[in-house]
Every structure is written in C-alpha cells, then in structure tokens.
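Each remark here refers to the structure printed beneath this line.
Along the sequence shown, the residues carry numbers beginning at 1. Fair warning: this is a prediction, and the values are worked out from it, not measured in the lab.
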Amino acid sequence: MPVEIAVGPPVLSINQDATFMVTSLDGQIERDTELGVYADDTRFVSHWAIFADGVPWIRLTSAATAYYAARIYLTNRRVRTAAGEIPEQTLSLVIGRAIADGIHEDLDIVNHGLTPIRFNLEVALRADFADLFEVKQRALIRRGKVVTRWDEARAELTTAYANADFHRSLVYRLRNSGSPPTHANGRISFEIALDPGASWHTCCHYVLVRAGIEHAPEAGCVHQTRDTDRDRLHREWQDVATRVTTANEDVYRLYRQSVEDLGALRLSDHDFAPDVWVPAAGVPWFVAVFGRDSLVVSLQNMVVHAGFARGALKKLASLQATAMDDGRDAEPGKIPHELRAGELAHFRLIPHTPYYGTADATPLYLIVLHEAWRWLGDESLLREHRDVAVRCLEWIDQYGDVDGDGFQEYRTRSPQGYENMGWKDAGDAVVYPDGSQVRQPKAMCELQGYVFDAWLRMAEVFEVLGEAERAADLRRKARRLQEQFEERFWCEEIGFYAFALDREKQPVRTIASNAGHCLWSGIVSREHAARVVRRFLEPDMWSGWGIRTLSAKNPAYNPLAYQLGSVWPHDNGLIALGMKRYGFADEAARVARDISEAASYFASYRLPELYAGIAREEGNFPVLYPAANVPQAWAAGSVFHLLQAILGLRGDAPHGRLLLDPVLPRWLPEITLHELAIGGARVDLRFWRDGDRTRWDASLRAGKIEVAEERWQPWVSLTADA
C-alpha cells in the first residue's frame, strides 16, 4: 500500500485581502525569522510566544480550517508552580485565529486533571513594523520610533510606530477574559485557577492601524457559526466558478483546491463590482497587485470565470505609465509590474510605486483584452480599453524594441532595476550554454511570441472597432516578426529555439522552458514545432514531475534553484496549451498528468509556486522549494490551463460559439464541466472515452451558444495568407 506523504511548507498561513499571518506549526512567531502578521507590506507582529509559568507548550496538531482561519492544539509540559506541579498533558490549550480586517484570536484552556491547578499564562508579543522587502532580504533597518503603552482599564497593549508622516500601530485588545490581564517585562499575563474539568477563555483582538484607520476583527469567537461578508464573498465566487466532476480523484481535488485558493487570493479592496476582481499573486511575499501575474491568472481563469480579466484590465489600465521615469523603469504606455504600499514605497526608497520593470505585461495586457472579449462577447470591453490598447501598442514599437531591430528587448534604467524582466525575473535566471550570465539588453524568445500573438489578436479587435487599416498593419508586422523570429532564433545545431538574443544579437543556445511559451503564442513554425515538443520530453528537461525551467545538462542547472532547473506549474500549463495548439495532444496530456500527480503529494492538493526539478524515481516525491509562495495564484490556475489543453476549449462568444478539440487520455476517462460561462450562456459539458475516441455532449443551462468541435490552429496558418 503506498505511503501518503503530505509535502508542504513547515508553517501555518492564513490570509484575507492584504492581511496575512504566517506562524510556525505551533502557532508561534519566532524572533529573527520571516514569520509574522503583515498588512499592506508592513509586519505588525514580529514575535509571539505563549507559556505556562515560563514553560513552552507542546504542539499536538494544527491546521488551517479555512483560507482565513487556523486552529492549533497544544498541551502542557511538566510545570512546577508555587501551587504544586502540573503533570505533563494535564492541560489542553486551543488557539483559534481568523482574519477579517484585523485578527480575532481565541485562547481556550481546559484542566483534564483530577486536582485543581494554578499557574500564570503568559503571552509574549513584539511588533517591529518592518517593511516586507527588508524582512525578506533579512536586512532590517530601524528608521522611526516604536512606543509601547499598556492600558490596564481597557486591557489593551498598544505599540505604535512613527517615521515622519508614516504611521502604523498594533492594538492587542483583550476581551471576555476569564481572569484580568496584566502586563510586565514584555509579557501579558493571566492568573489562571481551574478545578478539574473547568475551562478558561479569552478573546485577543489584533487591531491593525494603517494610515489612521483601525482595521479591527469581528467580535464573535472563531468557532461561532455565522455568515460574514468574507464568507459571502467567497461563496459568491464559488457559486459562479465552473465546477468539475470526474472519477480521477487527483484532478478533482486539485481543481477544487485551486478554485478555493483563487477565491482566497482576491484583493476585495480592489474589487470594482461584485464580479470584477483583482487577484493577489501569492502568500506570503506577493500579496499585492502584479501586472504579469494578474494577467496570466486572468487567462487561466477564462474557463472558470472571467471576472479576474475584467478586474485586471481595469486596475492595470489605471496604473499604465504616462511619462518617462527612469527610477521606476516607466515609459509611456507601459503596464506595471508591481505595486507596493509599505514604508519603503512610501518614502520612495524602492521603485514599486508602482515599478514598471517588466517587459511582458504590456503585450500580455493586449492578449488578455482579446481573450476576455472572446469569452465574454462584450464589445463594450474593447471600446472601454481601446485607448489603453493603443498606448500599449505604441510602447511595444517605441520602447519595447530598444534598438529598433524589430525584436523586443529589455534594459533597466533604474539604479534599483531588475536584471531580468521576463517571467524568469531572478537575477541569475538567463544563462549561456556554459552557465555564465547573459547581460542586458537581452531579447527573450517568449517576448517575441507574446508580441506576435498580441498583434494578431489586436488586428481582430480593431477590425471589430472599424479600424481596418490599423488591423492590416498589425497583421503585416506580425508576419514580418514571425519570419525574423525563425531566421534569428531557430538554432538548427541544437534543434531548438534560442533562449534569447544577447547584447551582441547573438543567439543564446541554451535549452530552457521559455520556448514552450512560443508554442503557446503560435509563432513557432509547423516544421519546428515537433522538434521543440520532442526536446521537452528528453530526460534533461522532463523531470517526471513536469518540465524543468532549465536543462539539467547546463552547468548552471540546480534543481533547487528558483529558475535554474525547478518546475513551475504555470509554466507547464502554458507549454501544455502550446503543445495542444500544434496538435500534440498526447504530449499535452502527459504534462497535465504529471503536474496533477505532483499535486497529490502536496498538502490539500495545493500546488506551490514552484518545486524542485529533482527527477522522479521509484519511491520519491516532489520536493518543495523552501521559499515558495503557498497559495500562489498562477500555480493554482495552472490546472485550468491543463484541462483547457486536454479539452481544447476556446471561447468565441462574439460569434455565439464555444469551440472544443477534446482528446481524453486513458488516465482521465471522463470529466464534466458544470455551468461553464461563455457570453451570456451557461453550459454543461460532458466528455468521455469510447475506445480510443473522445465523445462529448453539451447541455445548455442558460442563454444561447453553439458548441462545436474544431481543430485548434497556430497563428502561422493565418499569417501565411495575411
């Protein structure tokens, strides 16, 4: 019988909007770690510990009971007190926590012994108000002043931070306490006396004060059943999201967890309407608006619900650059990379206000605009964002092409700018075949594909908007780019596309996963597509748990590195779509199978941001990257792309159609999508294997839509006649 292994980070993480709490599994926040309570990029709690007369408790078990709530079960070690000894495991301590603006924390103690006991319960609490960037870099600098005040009458410990006009405060407020609290020597203490079988309780409210506004938690205890705004928002998301049923337990559980995680990562502070949302990129480090991440997540969620696309398009349009700003790598028309709200951003000590150091968010914006229109059928969306799209296209021509050679390159002008501005944005992610670093400016292969795809999509958009001349020009540019791409990026000697062109415009003949995004974009020639797909499935790229970011034959390969050999689920989802687009259905299904099987090893089927590229062997399991964000939006959304690849789902709402190209593998003999939204319609789609064939039927739930089976074609078949 196989052994069940729950691979997951050794932390307990809960979140709601821009607030999150990351603790050790026993609920504590150790000093000098990255753990804590955070909101708007500030750490409000940097240390939390609990004792019985100075003795730490023993963890029994703990878990997140919802994305916003956790429960920790503890018991006592042997405690010597003035009233006598308390034997080990006499007491139970249950910590319940829930986030809703602030954090509500319940402490419940029961005496399971045969004799009365007396002891002091002590809570140690510290707030350093460190900026998230400095915590992550382990380079804390104290700039302002911290003052702590205990109000005995109100039973509140207030810790306030001030640096010029930047103010943050934490109020730790005790309510409904079974005995009065006191404060001394940095600890809040309660004298507790319990007869056999008796219990003791207190509520602890974390009130987070940001910019003069108190963010207080709900008054009710965590265990009380009630319907909150938070629960209502999450239920509304689940009600509109496409549901899946299938006999494949891995796919079913992964899909359900991913829907749960995407709902949990909604930044409701940025909601524009009940069904127009913006996702956070991930917990703990990316609870913020991100350009690239929000757009990729929007693409993934088209088959689930298009609300993320509406929200991402609207939010990012409001942040589109209007002027040159070297310090933030901003240029007119550019879509931002990342927006932060902490102390460093407040004082412009980092460029994330927002920072524009991404070369791919701008073409991705255009791709999402077109794809959202194809799924929603809402022409007003195109008219609303038409001017934003024009500015994006102007940026691609004037600034995305740094040297005017027809290719997209990136180069920072900011003293704090990123070395790499594609999705692989780690400073060491782009390497030559000998493992050495490729320096700026560099033209990544996938950027060419994104722009090619964006131009052809926008040609269709401008035809709808009555701008035929602009549409024709975009098609001409796309055809020319595809020809140049084949000429300069294809490397016959390695049978693969170059990772990039370097500053000398020489091809970087490194085998990396980026070329899979070129399959997805449709820029790859038909004659080379098969060789690219085969190359991905060779042992140096194929780990057995998914496609690696970098070939294991490269000297820089490290399966435990961030982007030098690890496996990223979202990367694999896009590659699988690309494989399917060129007719490689079996290979796309292979990617989907191994990512879904990897998910089965992770706690709750929650895919992390990335995991190690260690080869799959008998008896081993996927290895979590230590600093991976969990949950993470585009990791969660990867299963949606994988299913879209298997089923060949494409929206064509403007023409009243939903297109299919299904090929079910043996490991997924049947699957049903319930109430998939397309245009104003909702439809149930059932797929099943009949021998070696895939059959399907459609049942309309609402509205009107034609469901048709049609082969998915790469763009190159269209540009030939352009």
* Asked: Per the salt bridge (charged side-chain N to carboxylate O under 4.0 Å, His left out) rule, which among R292, K424, K334 passes with D360?
  -> R292

* Assess the side chains of S436 and D434: does a donor N or O sit below 3.5 Å from an acceptor N or O? => yes

* Q408 side chain vs I396 backbone, donor-acceptor pair below 3.5 Å -> yes

* Asked: Between Q482 and Q448, do the side chains contain an N or O donor and an N or O acceptor separated by less than 3.5 Å?
  -> no

* Asked: Below 4.5 Å, heavy atoms only, C-beta onward: do H517 and D571 meet side chain to side chain?
  -> yes

* May I ask you to check whether W285 and F20 place their ring centers less than 6.0 Å from one another? => no

* Between CZ on residue R593 and CG on residue L668, distance to nearest 0.5 Å -> 12.0 Å

* Are side-chain N/O atoms of R457 and H370 paired as donor and acceptor at under 3.5 Å? -> yes

* To do: Check ring-ring contact (aromatic ring centres under 6.0 Å, His included) between H385 and all other residues, then give those that pass, not counting sequence neighbours.
  => none

* Asked: Can F536 and F496 be said to form a ring-ring contact (aromatic ring centres under 6.0 Å, His included), step by step?
  -> CA-CA 10 Å; F536 275 134; F496 207 68; 5.5 Å; yes

* **Polar side chain donor-acceptor pair, Y557 to D540, under 3.5 angstrom** => no

* CE-CE distance between M421 and M444, expressed to the nearest 0.5 angstrom -> 12.5 Å

* More than 12 heavy atoms of other groups within 6.0 Å of K136 NZ -> yes

* To do: Taking R616 for its side chain and A598 for its backbone only, find out whether a donor-acceptor pair lies under 3.5 Å.
  => no

* Asked: Between the side chains of Q440 and Y418, does any donor sit under 3.5 Å from an acceptor?
  -> no

* Under 3.5 Å, side chain of N620 to main-chain N/O of E617, donor-acceptor pair present? -> yes

* To do: Identify the residue among F640, W520, W423 that makes a ring pair (Phe, Tyr, Trp, His ring centres under 6.0 Å) with H570.
  => W423

* Enter the distance from D293:CG to W634:CH2 here, rounded to the nearest 0.5 Å. => 4.5 Å

* If you measure from the Lys or Arg side-chain nitrogens to the Asp or Glu carboxylate oxygens, is any gap between R253 and E260 under 4.0 Å? -> no

* Using the test ring-ring contact (aromatic ring centres under 6.0 Å, His included), find all partners of F485 that sit at least two apart in sequence or belong to another chain. => F489, Y497

* Tell me yes or no: between the side chains of D261 and Y67, is some donor less than 3.5 Å from an acceptor? => no

* How about Y582 and V533: do any of their side-chain heavy atoms sit closer than 4.5 Å? -> no

* **Sidechain N-carboxylate O distance under 4.0 Å for R411, E409** => no

* Roughly how far, to the nearest 0.5 Å, is the OG1 atom of T246 from the OH atom of Y255? -> 12.0 Å

* May I ask you to check whether R256 and Q238 show a side-chain donor-acceptor distance below 3.5 Å? => no

* **Atom pair CD1/CG of I614 and L560 - distance to nearest 0.5 Å** => 5.0 Å

* Give a yes or no on whether a salt bridge exists between R374 and E371, defined as a side-chain N under 4.0 angstrom from a carboxylate O. => no

* Spatial distance of atom OG (S294) from atom CD (E338) [nearest 0.5 Å] -> 11.0 Å

* Asked: Does any N or O in the side chain of T362 come within less than 3.5 Å of the main-chain N or O of I335, such that one atom is a donor and the other an acceptor?
  -> yes

